[in-house]
Peer 1: 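My questions all concern the structure below.
Just so you know, these numbers use all the heavy atoms, side chains as well, and skip hydrogens, waters and symmetry mates.
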Amino acid sequence: MRVAFIGLGNMGGGMAANQAKAGRQVAAFDLSAQALERAQGAGCSPAPSVAQAVKDAQVVITMLPAGPHVRKVYAEDILPNAPKSALLIDCSTIDVESARAVAEQASAQGFRFADAPVSGGTAAADAGTLAFMVGCDEADFPEVEAAIGPMSRAVIRAGDHGAGQAAKICNNMVLGISMIGVCEAVAMAEKLGLDPERFFEIASKSSGQCWSISNYYPWPGPVETAPSNRGYAGGFATAMMLKDLKLAQQAAAAAGAATPMGAQAEGLYALFDRLGYGTKDFSGILQMLRGRLEELDG
Ligand code: NAD
């Protein structure tokens, strides 16, 4: 299979490498020469431009920062140069409106398109264990699933164009809200003289149980692999969570959905980011709620 891979950053680098590892011919392009070099080291063939990368592709995969990048690269580079038979898959996290606009443009020119954002961070991108939420025509899904195969542990069709992005921001809005809820409870437990480690034991087996408690408990100790045990480094960066919460608010406004808790979560993460902690894991917001930001500076 001939794959063109555009956008070889923190996520795309590992994803393109897994396409090459699966024996596919990967023509790769990124604006960054360093990223391109890394992809070459992982078995991809560097291309001098997007146009060159896509010209013989059977599948085009993009992993770009945000909506404006995706709109521009598709309109100016991919649609004018890829063969009409190519299956186009955008894995970036972008606004629903941009995903639908690009899908419409692609369909009008005879292409098949899927929005397929991912859940899982750079470790899952490197390991080929991302979860994909796909918005595409039902008939195209088996081919999308096969194309995504080497990068994934789960591929789920969310619905038609844009539904993949809708699923991603709805899921991450739950995550952002639930993490703040957990952090508030942990900070309150401490004030009430309840040991946060003992609270973990209880809440992880009670009705408060959720992903934020079981996997990313914000108090160091109980969950060995949680970012709280390494000074909130790595994990899911606050700036990334903020990006997804902003997309959720944008979508809610456009659709007329009431999301008051999502709006609160966005505001709190914006403040945490503004205070200089955008690169810390999003569970670090516990220290802001405790009034102990200095614990993040060590
Ligand atoms: P990144 O900034 O590391 O990578 C983006 C890459 O796109 C960069 O290497 C950049 O040079 C390249 N690029 C930008 N414009 C380009 C163009 N016109 N042509 C070719 N290359 C171009 O970002 P990332 O962390 O890899 O994230 C990519 C997407 O995945 C984002 O939408 C992000 O929200 C989403 N995402 C990230 C994570 C994560 O943990 N990092 C998790 C899930 C989803």
Peer 1: Surrounding CE of M188 (heavy atoms of other residues, nucleotides or ligands, distance under 6.0 Å), is the total greater than 12?
Peer 2: no

Peer 1: Test of understanding: with salt bridge (charged side-chain N to carboxylate O under 4.0 Å, His left out), list the residues that count as partners of R292, not counting sequence neighbours.
Peer 2: E294, E295

Peer 1: Would you please name every residue forming a salt bridge (charged side-chain N to carboxylate O under 4.0 Å, His left out) with E143, sequence neighbours left out?
Peer 2: R112

Peer 1: Side chains of residues 234-242: which donor-acceptor pairs under 3.5 Å do they make with residues two or more places apart or in other chains?
Peer 2:
from	atom 1	to	atom 2	distance (Å)
T238	OG1	K280	O	2.9

Peer 1: Please list all pairs passing the salt bridge (charged side-chain N to carboxylate O under 4.0 Å, His left out) test where one or both residues lie in residues 254-263, with sequence neighbours left out.
Peer 2: none

Peer 1: Where the side chain of N229 meets the backbone of E224, is there a donor-acceptor pair that is under 3.5 Å apart?
Peer 2: yes

Peer 1: Between CD1 of I169 and OG1 of T93, what distance do you get to the nearest 0.5 Å?
Peer 2: 10.0 Å

Peer 1: Under the 3.5 angstrom rule, does the side chain of S214 hit a backbone N or O of W211 as a donor-acceptor pair?
Peer 2: no

Peer 1: Is any side-chain heavy atom of L175 less than 4.5 Å from a side-chain heavy atom of S212?
Peer 2: yes

Peer 1: Is there side-chain contact between C91 and M11, with at least one heavy-atom pair below 4.5 Å?
Peer 2: no

Peer 1: Do the side chains of M1 and I89 join up, straight or via other hydrophobic residues, at under 4.5 Å, putting them in one cluster?
Peer 2: yes

Peer 1: Mind checking who shares a hydrophobic cluster with L79, ILVMFWY linked at side-chain heavy-atom distances under 4.5 Å?
Peer 2: I6, F29, L31, V50, V54, V60, L64, V70, V73, Y74, I78, L88, I94, V102, F111, F113

Peer 1: Show me the pairs that pass salt bridge (charged side-chain N to carboxylate O under 4.0 Å, His left out) and involve residues 71-96, at least two apart or across chains.
Peer 2: K72-E76

Peer 1: Can you check side-chain hydrogen bond (donor to acceptor under 3.5 Å, both in side chains) on Q287 and Y232, steps first, answer last?
Peer 2: CA-CA 10 Å; Q287 304 302 349; Y232 305 94; 3.0 Å; yes

Peer 1: Quick check: closest heavy atoms across C44 and A16, and the distance to 0.1 Å?
Peer 2: SG-O, 3.8 Å

Peer 1: What closest approach, in Å, do P227 and A233 show between heavy atoms, and which atom pair accounts for it?
Peer 2: CB-O, 3.9 Å

Peer 1: Measure the spacing between CG of D281 and CG of L296 and express it to the nearest 0.5 Å.
Peer 2: 10.5 Å

Peer 1: Check this for me: E97, atom CD, are more than 12 non-hydrogen atoms of other residues, nucleotides or ligands nearer than 6.0 Å?
Peer 2: no

Peer 1: Quick one: ring-ring contact (aromatic ring centres under 6.0 Å, His included) partners of Y217, sequence neighbours excluded?
Peer 2: F200

Peer 1: State which residues pass salt bridge (charged side-chain N to carboxylate O under 4.0 Å, His left out) with E201; sequence neighbours excluded, sorted by chain then number.
Peer 2: R198

Peer 1: What pair of heavy atoms forms the shortest contact from R100 to A163, and how long is it?
Peer 2: NH2-N, 4.5 Å

Peer 1: What pairs of residues pass the salt bridge (charged side-chain N to carboxylate O under 4.0 Å, His left out) test when at least one of them lies in residues 29-44, not counting sequence neighbours?
Peer 2: none

Peer 1: C183 and S283: which non-hydrogen atoms are nearest, and at how many Å?
Peer 2: SG-O, 3.8 Å

Peer 1: Is any side-chain heavy atom of E190 less than 4.5 Å from a side-chain heavy atom of W219?
Peer 2: yes

Peer 1: Side-chain polar contacts of residues 251-274 - donor-acceptor pairs under 3.5 angstrom, sequence neighbours left out - could you list them?
Peer 2:
from	atom 1	to	atom 2	distance (Å)
T259	OG1	Q249	NE2	3.2
Y269	OH	F282	O	3.1

Peer 1: Group every Ile, Leu, Val, Met, Phe, Trp and Tyr by side-chain heavy-atom contacts under 4.5 Å, then state whether M63 and L247 land in the same group.
Peer 2: no

Peer 1: Are any side-chain N or O atoms of D137 and backbone N or O atoms of A139, one a donor and one an acceptor, separated by less than 3.5 Å?
Peer 2: no

Peer 1: Let me have the donor-acceptor pairs involving side chains of residues 117-133, under 3.5 Å, with sequence neighbours excluded, atom names and distances please.
Peer 2:
none

Peer 1: So does V96 get a backbone contact from the side chain of Q250, meaning a donor-acceptor N/O pair under 3.5 Å?
Peer 2: no

Peer 1: CG/L286 to OH/Y216 distance, rounded to the nearest 0.5 angstrom?
Peer 2: 15.5 Å

Peer 1: Quick one: closest heavy-atom pair of A86 and A57, and the distance?
Peer 2: CB-O, 3.5 Å

Peer 1: Measure across L245 and N172 and return the closest heavy-atom pair with its distance rounded to 0.1 Å.
Peer 2: CD2-O, 4.3 Å

Peer 1: Flag the pair L8 / M15 as yes when at least one side-chain heavy-atom distance between them is below 4.5 Å, and no otherwise.
Peer 2: no

Peer 1: Between CZ of R24 and CD of Q19, what distance do you get to the nearest 0.5 Å?
Peer 2: 4.5 Å

Peer 1: Drop me the distance from S45's OG to L36's CG, to the nearest 0.5 angstrom.
Peer 2: 10.0 Å

Peer 1: My understanding is that only residues two or more places apart in sequence, or in another chain, count here; which of them pass salt bridge (charged side-chain N to carboxylate O under 4.0 Å, His left out) with R157?
Peer 2: D160

Peer 1: Rounded to the nearest 0.5 Å, what's the gap from CZ on R2 to CD on Q25? Could you check?
Peer 2: 6.5 Å

